[in-house]
2 protein chains.
Amino acid sequence: MSILKTKTEHSTPEECKIFIRPVRDVIDIVGGKWKLPILTALSFKTHRFKELERQVAGITPRMLSKELKDLESNGLVNRKTLYTSPVTVEYSLTCYGKSLDEVLSAMREWGVNHRKKIMDK
Amino acid sequence: MSILKTKTEHSTPEECKIFIRPVRDVIDIVGGKWKLPILTALSFKTHRFKELERQVAGITPRMLSKELKDLESNGLVNRKTLYTSPVTVEYSLTCYGKSLDEVLSAMREWGVNHRKKIMDK
DNA sequence: CGGGATCCATCGAGATACTG
DNA sequence: CAGTATCTCGATGGATCCCG
């Protein structure tokens, strides 16, 4: 790629990638069937595994476990083992997880309006 | 965060659905492998089908056609047939499509920061 | 209770060839 | 040029059973 490249009316593949990648990251993080329901449940209160399984209607333990790991690896959710008997585990939103809410709110606002617009047609 | 949250500590399934649905709508609209690359290409300038096929590296005509129909059905993209010979078709972002940019920017901002955060670990 | 392991169905997307 | 039609495959997620 030329160092002397001036501003063009079209984008280079590199520019596009840098532009798109972080947006895609967000989609990957909150996308899929269960991430939003889980985050929403946790935004109301801390839940144990079994409680989440009941709150998030329809989810299987297998998926719940996998999704919680994903969310935890992204720093959105905190996992806390309580050594009661039997052992219980508490899941909660981290502060960082809560910071996602601004983004979700922006999406929600546009989405609510869009739904209205599409319905009217 | 949410209006609901200030009112109750837990959510009903109905409330959750209404809360989540518009966000999911946005994910569906810009999600998948090709929507963002296509929207990004069109955000720079109007393109014909074949031009888009070249701009969006790797896409097949089958997918490009399908994705453009999706975007058009959501009012984000305008399709304009030019009766030249042979016929050419121009695709462009609608004003409504451009309104999505605020949302994408919010996502991008969070995503850029997140990528930095994850990389540092 | 909090998961893991295994098998299976569905769907998004690629490859390729073809048409008006 | 602007798409369509088939076929195929890998990923996502569901069903079921199992364990410490």
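First the proteins, then the strands, lettered A, B, ... as listed; each starts at 1.
If you measure from atom CG of B:L68 to atom C1' of D:dC1, you get 14 Å, rounded to the nearest angstrom. Taking atom CD1 on B:I27 and atom C1' on C:dG12, their separation rounds to 17 Å, with Å as the unit. Separating the CG atom of B:D70 from the P atom of C:dG12 is a distance of 10 Å, rounded to the nearest angstrom. Distance, B:H47 NE2 to D:dG3 P: 15 Å, rounded to whole Å. Straight-line distance from the CD atom of B:E53 to the P atom of C:dA15: 13 Å, rounded to whole Å. One can place CG of A:L64 at 8 Å from P of C:dG3, the figure rounded to the nearest angstrom. B:Y83 places its OH atom 14 Å from the C1' atom of D:dC1, with the value rounded to the nearest Å. Atom CZ in A:R79 sits roughly 16 Å away from atom P in C:dC1 (whole-Å rounding).
Looking only at atom types and distance, the side chain of B:N74 has a donor-acceptor partner in the side chain of A:H114 under 3.5 Å away.
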Letter by letter from the 5' end, nucleotides 12-20 of chain D scores (B base, S sugar-phosphate only, - none; protein heavy atoms under 4.0 Å) -BBB-----
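The aromatic rings of B:W110 and A:Y96 sit parallel, their planes meeting at an angle under 30°, below the 60° perpendicular limit.
Between B:K35 and C:dA13, a side-chain N or O to OP1/OP2 separation shorter than 4.0 Å is absent. Contact annotation: B:S65 does not reach the phosphate of D:dA2 (side-chain N/O to OP1 or OP2, under 4.0 Å). For the pair A:Y91 and C:dG3, the criterion of a side-chain N or O lying under 4.0 Å from OP1 or OP2 is met.
For the pair A:R108 and B:F19, the cation sits on the ring face: its NZ or CZ lies under 6.0 Å from the ring centre, inside 45° of the axis.
A:M107 has its side chain out of reach of B:P22: every pair of non-hydrogen atoms, C-beta onward, lies at least 4.5 Å apart. Looking at B:V77 and B:T94, their side chains never come closer than 4.5 Å, going by heavy atoms from C-beta outward.
Of the listed nucleotides (C:dG2, D:dC1, D:dG3), C:dG2 has the atom at the smallest distance from the side chain of A:F49. Taking only side-chain atoms of B:R48, from C-beta outward, the nucleotide of D:dA2, C:dG2, D:dT4 with the closest atom is D:dA2.
Other residues, nucleotides and ligands place no more than 12 heavy atoms under 6.0 Å from the CD atom of A:E102. The number of heavy atoms from other shown groups lying within 6.0 Å of CD (A:E109) does not exceed 12.
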